[in-house]
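Given the structure is predicted, the values throughout are model-derived calculations rather than measurements.
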Amino acid sequence: MATIGKNILENLTTGMYADSKVIYREYVQNACDQIDKAVELGIIDREQAEVFISIKEDERFISVEDNATGVKEADFVAQLGDIANSDKKIGVDKGFRGIGRLCGLAYCKTLVFSTSYRGETKGSKMVFDAKKMREMLSSPVKYTVDDIMGAIVSTETFPEEQEKHYFKVEMIDINHENTDLLDKQLVSDYLSFVAPVPYVNSFHHRDAIYEHAASLHFKIDEYNVEVNGNPLFKKYQNRLYDITNATNKVKKAYDEISSVAFKDFVDSNGQLLAWMWYGVSRFEKAIPKAANPMCGLRVRQGNIQIGDNTTVAKFFKEERGNSYFVGEIFAVSKGLIPNSQRDNFNETVERVEFETQLKKFFYDTLHKLYYMASATRNDYKKIEAYSTAVSKYQEKSQKGFIDINEKAQMEAEVEAARKRKEEAERRIARFKESGAGSEAEQRVRRAIEQKYEDQKTTQRAKDAEKAVSKVTAGGSKTKYFTDNLSKLDRSKRKLVQQIMAIIRRIVSKEVADQIQEAIEKEFR
């Protein structure tokens, strides 16, 4: 028989995950699998099932406990002592390799599993000396896996109430280099998107998501998970925020998720591979992650996140496209099997087909959606720009132009802005008349239109049109700013006007306006 060396144990513990917080995902995942079994066996109702996470920072202690089936005393040693020999089923259970429970060995001095099965009067406990394991792994001695497990594992039984049923993981004396595991807020924020928890009630579109799932006969697995007594929810927000003050982290809403849209992915046989929902907004800009932790499209299997919020970014025509969206992609096919790190799926025919369809949808629909939104906003901005150009022209008409050249230039700017406005209005009208575009595109256009209508953009443009007509049709004498310089005689005014014309040609408009204002103040 070949010898199984200690390196395999190192790969399954200290070398398994890049992010230490993954231990919470692994232990919550195991707890949820057992809850499913407990509900199926009638041990507990779904509503009563819970996963309790306790973090004691001062004691450097973590525990993850569920009130599910527990493990029978007779099965305890074999079930918990075996490595990568799980009896869980691929495509049914969330975990199935039998290695996740060992992940805690990398981050603490002592790892403890304790459990009790309903109807039994004894509980079982297994204690791992994690510190000793790491010492043996770093030793030059060629230990086998059996050598290490024999040296670090001890078991015992203890009296327990007959009605108790639970499984508890305790991590004692968390390593100092892994102090982030004791940050309750950090852990809660992480699990709120990674763990299979419900959407927060304040997210307006949760019912639409549940309804679409039901139409596919798909159940979104959700569990009661608490961190130090505080229940976790997926923290999706209705509004999108920007940080206006980095020091105080003051947030201001700049856009909103007005609705959600859906896409179903089916294989060549018509079988459902996956489905997704994504938020429809005005797509004002790439969503700032610092103010919107929910940003990005997230892949889920068993309602547990696969990878992170950037995992599918590579399927966009440009990776930044992912940052314009909020949403989730639920894997359905049993052929979509998470890999051991749970950062992607194993390479299967189903994965290839899923990724091919995902890329096509991102290219053909999502990329087009936020580009279309940008083009539509630009059309309304051109309408606004015309109003602004007219306002500036009117203001200058009242204050006085520097010379005839400035007047002609500003009139040319107004005329150019008018042409751009009219082109934009024609494009907007064509869309309204044709009803072209997908349902999502129409929603986006309506949302953008509503914003600019609320700001009375089009009305200001109409008022500007009337105003410029009055100015150009009035035939009144052109006013120059030097007309106001009462302290100067006619020849000096003429000289000031010539000097200002030169200044205007060589400095910015803002500086020229400041100089003009200073001259008026001095000689008015």
Side-chain angles (χ1 to χ4, degrees), residues 4-34 36 64 82-107 137 145 169 181 190-191 193-197 218 220-221 223 265 267 271-276 296-316 319 322 327-359 361-362:
I4 301 177
K6 64 181 181 180
N7 289 341
I8 190 67
L9 192 56
E10 181 176 23
N11 291 338
L12 297 178
T13 55
T14 58
M16 189 67 173
Y17 305 111
D19 183 354
S20 60
K21 295 189 296 297
V22 167
I23 65 164
Y24 287 104
R25 183 196 69 196
E26 292 297 320
Y27 289 133
V28 168
Q29 173 181 287
N30 288 341
C32 292
D33 275 336
Q34 293 309 120
D36 289 343
V64 181
D82 281 359
I83 298 175
N85 190 29
S86 174
D87 60 359
K88 293 184 179 182
K89 297 179 178 63
I90 296 176
V92 177
D93 296 297
K94 294 169 179 61
F96 52 86
R97 290 185 173 86
I99 57 177
R101 66 176 177 274
L102 300 177
C103 63
L105 289 168
Y107 306 108
L137 288 176
V145 170
V169 178
L181 294 175
Y190 168 79
L191 286 174
F193 288 107
V194 171
V197 294
F218 179 88
I220 301 177
D221 293 332
Y223 302 84
F265 303 96
D267 63 20
Q271 298 299 308
L272 189 64
L273 284 168
W275 64 276
M276 72 177 290
L297 297 175
R298 300 164 185 269
V299 181
R300 310 186 75 83
Q301 197 263 358
N303 202 20
I304 299 176
Q305 185 171 287
I306 302 290
D308 58 23
N309 66 326
T310 66
T311 297
V312 298
K314 60 187 177 184
F315 300 120
F316 277 86
E319 287 200 9
N322 182 58
E328 296 176 307
I329 305 165
F330 290 91
V332 177
S333 171
K334 292 183 179 181
L336 294 174
I337 305 166
N339 62 21
S340 56
Q341 278 86 20
R342 206 176 176 90
D343 59 6
N344 207 333
F345 297 110
N346 286 344
E347 292 188 8
T348 62
V349 172
E350 289 82 359
R351 172 183 160 176
V352 171
E353 190 161 6
F354 167 63
E355 291 184 348
T356 299
Q357 291 195 34
L358 208 61
K359 185 174 182 178
F361 181 68
F362 288 3

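The cationic atom of R298 (NZ for Lys, CZ for Arg) lies less than 6.0 Å from the six-membered ring centre of F193 and within 45° of the ring axis. Both the sub-6.0 Å distance and the 45° axial angle are satisfied by K21 relative to the ring of Y190.
The closest donor-acceptor contact from the side chain of N339 to the backbone of R342 lies under 3.5 Å. The main-chain N or O of G307 is found under 3.5 Å from a side-chain atom of Q305 such that the two form a donor-acceptor pair. At distances below 3.5 Å, not a single donor-acceptor pair connects side-chain atoms of N303 with backbone N or O atoms of A195. Using modelled atom types, one side-chain atom of Y27 and one backbone atom of R101 make a donor-acceptor pair closer than 3.5 Å. In this structure, the side chain of Y24 engages the main chain of L181 through a donor-acceptor pair within 3.5 Å.
Residues meeting the salt bridge (charged side-chain N to carboxylate O under 4.0 Å, His left out) test with E355, sequence neighbours left out: R351. For S333, the side-chain contact (heavy atoms from CB on, under 4.5 Å) partners are L273, L336, E350, not counting sequence neighbours. By the side chain to side chain donor-acceptor pair (under 3.5 Å) test, N309 pairs with no residue at all, sequence neighbours left out.
Between Q301 atom CD and I329 atom CD1 the span is 13.5 Å, to the nearest 0.5 Å. Annotation: the span from T311 atom OG1 to D343 atom CG amounts to 7.0 Å, rounded to 0.5 Å.
Taking the six-membered ring where the residue is Trp, F265 and F354 present perpendicular rings, their angle passing 60° and hence far from 30°.
Using a 3.5 Å distance cut-off with no hydrogens or angles, the side chains of T348 and N346 do not pair a donor with an acceptor.
Minimum heavy-atom separation, D19 to Y107: O-OH, 4.4 Å.
When side chains are defined from C-beta on, T356 does not count as touching F315, because their heavy atoms never get closer than 4.5 Å.
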